[in-house]
Amino acid sequence: MSIRNYIGNKDFYKQTARLAIPLSLQQLLGSAMEMIDSLMVSWIGMISAVGIASQVIIIASTITWGILSGTNIFASQFYGKKDDAHLKKVFGLSLCLTSINALFWMLLISLFPQNLIRFYISDNDIIIHALDYLNIARFTILLEVVSFTFSYHYRCVNKANLTLYVSIFSMLCNIVLNYIFIFGWGPIPAMYISGAALATLLSHFFSILIYLIYGIKTKQPFLGSFHEMFSFSFDFVRHILRRVYPLIINEALFGFGSSLIIKALGGLSRENLEAYYIGDQIAAFFSFIIWGFGGSVQLMLSYDLGKGNQEGAIQKSKHFMGLAFVLAILLASLLSLCSPLIMSFYNIQNEAIYASTRAVLFVFCLKIAFRLFNFTIFSILRSGGDSRIISFLDAGIMYLVAIPLSFISVYLFHIESVAIVYLITQSEQVVRFIFGIKRIRKGIWAADLTHVK
């Protein structure tokens with residue numbers, strides 16, 4: 001095994017940068033928006049309430065991501081093949097699937113709001129504020145999934161720069177609206193935690209308007225008439241869903257599994273829970289490289305596979321793994337150096353919370369490095385529709401390793417430190433990496449999926 005196999009040429013790195021940088025910057029802006037939300041909410045002392053309330057929304061968003069990461073395999077390959085007719089149908093099917101998912105979770109929140117919150121925590125003060133947030137945030141789910149669907153398909157047709165500009169606008173819009181609605185301004189009264197939810201809802205609404213107007217004006221290849229986008233045959237839907245449904249199931253299981261870990265952490269003190277949410281928000285801010293790089297991996301390999309260039313895709317996958325090694329080290333180092341400065345912006349007055357946040361951020365440094373490697377592996381496998389093995393690597397290992405370890409650590413061994421509990425659960429990342437590398441080396445993931453009726 002030569003190291004040269006894992007080093008690409010100049011053109012490879014230029015192409016990767018052209019895709020990864022706009023995608024990473026877009027994710028950075030999204031993460032910055034979430035961090036600003038948490039910062040402003042921390043100033044009114046309600047960060048745990050938003051964190052708990054957001055768990056249901058996160059599950060819905062995770063399933064949406066599973067749907068889009070699956071349908072976009074086909075969108076990218078059809079775009080690489082210049083098959084606009086099927087590209088339009090993929091977009092229409094994506095909208096149908098993501099909207100059905102959103103409406104299900106909106107209905108569930110509307111019918112059982114308190115039950116959902118009490119599943120995670122029993123603190124009545126947190127529950128009351130979390131319900132205030134959910135009362136508005138439930139409507140955000142549908143707008144968010146539609147915005148995501150447009151964003152992902154613009155990426156597939158090499159319009160990543162547009163999604164970046166829309167993200168900039170959305171972030172600025174969210175900051176301004178957050179300030180107005182949370183703290184009040186002029187005739188608008190302070191809405192506190194409900195204001196944060198309303199600001200996010202309006203930001204997504206404006207993003208959708210921009211995507212739609214731009215798409216119509218510029219005649220984007222994935223947009224067409226109602227008939228062109230939504231008149232798909234049974235064979236077409238079956239062909240798509242055969243590859244997509246394992247990803248949907250995986251993300252549903254992964255999202256719920258992540259919530260089970262939060263439930264386990266809910267058995268710790270309120271200070272530990274607060275420290276985890278702050279650490280998680282800071283680490284999420286630095287995850288922009290993971291999502292941007294992973295997105296470029298999937299798109300570039302999907303383009304090659306759509307053109308029938310399997311050997312080129314396999315060679316590029318090795319180059320991506322080599323680049324992932326360098327980026328993992330840089331990303332963990334960046335988080336370690338910058339996290340103390342970012343922590344200073346939060347309203348952390350409790351010394352125990354501050355110490356726990358510092359400790360849990362060290363664990364996140366290790367997690368984020370392994371997560372970049374594993375996400376690169378997943379992106380390589382997704383590019384050829386090797387979705388079933390991803391279900392085992394992602395959700396399967398979470399349920400076999402991370403979830404049992406989290407509950408055992410808290411309720412059996414009574415470990416009181418959130419940092420130690422979370423460190424134990426992250427052994428899942430190592431297990432994923434070992435199995436994932438073995439799967440990539442087999443090369444069976446490199447499949448052309450464009451042969452459809």
What is the ring orientation for [X] with [Y], classed by angle as parallel under 30°, tilted 30 to 60°, or perpendicular over 60°?
X      : Y      : answer
Phe375 : Trp65  : tilted
Phe392 : Phe435 : perpendicular
Phe325 : Phe373 : tilted
Phe232 : Phe230 : perpendicular

Contact list for residues 418-428, test salt bridge (Lys or Arg N to Asp or Glu O under 4.0 Å), sequence neighbours left out: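 Counting only pairs at least two positions apart or across chains, the salt bridge (Lys or Arg N to Asp or Glu O under 4.0 Å) contacts touching residues 418-428 are Glu428-Arg432.
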Qualifying salt bridge (Lys or Arg N to Asp or Glu O under 4.0 Å) pairs, either residue in residues 292-320, two or more places apart: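 Every salt bridge (Lys or Arg N to Asp or Glu O under 4.0 Å) pair that includes a residue of residues 292-320, provided the two are not neighbours, is Asp304-Lys316.
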Heavy-atom pair of closest approach, residues [X] and [Y]:
X      : Y      : result
Ala313 : Leu301 : O-CD2, 3.3 Å
Ala324 : Thr376 : CB-OG1, 3.7 Å
Ser302 : Ser76  : CB-CB, 3.6 Å
Leu108 : Leu116 : O-CD1, 3.9 Å
Leu305 : Ser383 : CD1-O, 3.4 Å
Ala395 : Leu253 : CB-CB, 3.7 Å

Using side-chain contact (heavy atoms from CB on, under 4.5 Å) as the criterion, list what pairs up with [X], not counting sequence neighbours.
X      : result
Ser336 : Cys365
Leu201 : Ile136, Phe139, Thr140, Leu143
Ala419 : Ala359, Val360, Val363, Ser417
Ser406 : Ile261, Ala264, Thr425

Scan side-chain atoms only and decide if [X] and [Y] contain a donor-acceptor pair under the 3.5 Å cut-off.
X      : Y      : value
Arg155 : Thr163 : no
Thr71  : Ser94  : yes
Ser259 : Tyr120 : yes

When rounded to the nearest 0.5 angstrom, what is the spacing between [atom1] in [X] and [atom2] in [Y]?
X      : Y      : atom1 : atom2 : answer
Leu223 : Lys88  : CG    : NZ    : 8.0 Å
Tyr152 : Ser147 : OH    : OG    : 11.0 Å
Asn374 : Lys367 : CG    : NZ    : 11.0 Å
Ile390 : Ile249 : CD1   : CD1   : 13.5 Å
Tyr165 : Ser207 : OH    : OG    : 15.5 Å
Leu162 : Ile210 : CG    : CD1   : 8.5 Å

Criterion side-chain contact (heavy atoms from CB on, under 4.5 Å) on Asn272 and Tyr276, from CA distance to verdict: CA-CA 6 Å; Asn272 271 293; Tyr276 169 79; over 6 Å; no
Residue pairs involving residues 15-25 (criterion side chain to side chain donor-acceptor pair (under 3.5 Å); sequence neighbours excluded):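 Checked against side chain to side chain donor-acceptor pair (under 3.5 Å) - neighbours excluded - no pair reaches residues 15-25.
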Heavy atoms, side chains only, cut-off 4.5 Å: are [X] and [Y] in contact?
X      : Y      : result
Thr98  : Leu68  : yes
Tyr214 : Lys159 : yes
Phe150 : Phe91  : yes
Tyr13  : Ile7   : yes
Arg238 : Asp235 : yes
Ile440 : Ile314 : no
Tyr154 : Phe222 : yes
Asn158 : Tyr303 : yes

Restricting to side chain to side chain donor-acceptor pair (under 3.5 Å), what partner residues turn up for [X], sequence neighbours left out?
X      : result
Arg371 : none
Ser225 : Glu228
Asn309 : none
Asn178 : Asp37

Does any N or O in the side chain of [X] come within less than 3.5 Å of the main-chain N or O of [Y], such that one atom is a donor and the other an acceptor?
X      : Y      : result
His153 : Thr149 : yes
Ser54  : Ile57  : no
Asp84  : Pro221 : no
Asn101 : Ala60  : yes
Asn174 : Ser203 : no

Passing option when Ile63 is tested against Phe256, Phe254, Trp105, Phe104 for side chain to side chain contact (heavy atoms under 4.5 Å, CB included):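 Option passing the side chain to side chain contact (heavy atoms under 4.5 Å, CB included) with Ile63: Trp105.
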Trace of the side-chain contact (heavy atoms from CB on, under 4.5 Å) decision for Leu25 with Ile168: CA-CA 9 Å; Leu25 288 176; Ile168 293 172; over 6 Å; no
Test side-chain contact (heavy atoms from CB on, under 4.5 Å) applied to Leu361 and Ile282, step by step: CA-CA 8 Å; Leu361 275 168; Ile282 295 173; 4.0 Å; yes
Ring centers of Phe12, Phe320 separated by less than 6.0 Å: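 Ring centroids of Phe12 and Phe320 are less than 6.0 Å from each other.
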His86 and Phe74 aromatic centres sub-6.0 Å: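 So the answer is no for these two rings.
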Taking only distance into account, with no hydrogens and no angle test, what donor-acceptor pairs under 3.5 Å do side-chain atoms of residues 289-300 form with protein atoms, sequence neighbours excluded?
unit_1: Ser296; atom_1: OG; unit_2: Phe293; atom_2: O; d: 2.6
unit_1: Gln298; atom_1: NE2; unit_2: Ser69; atom_2: O; d: 3.2

Pi-cation contact, Phe119 with Lys263 (under 6.0 Å, within 45°):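 Verdict for Phe119: a cation-pi partner in Lys263.
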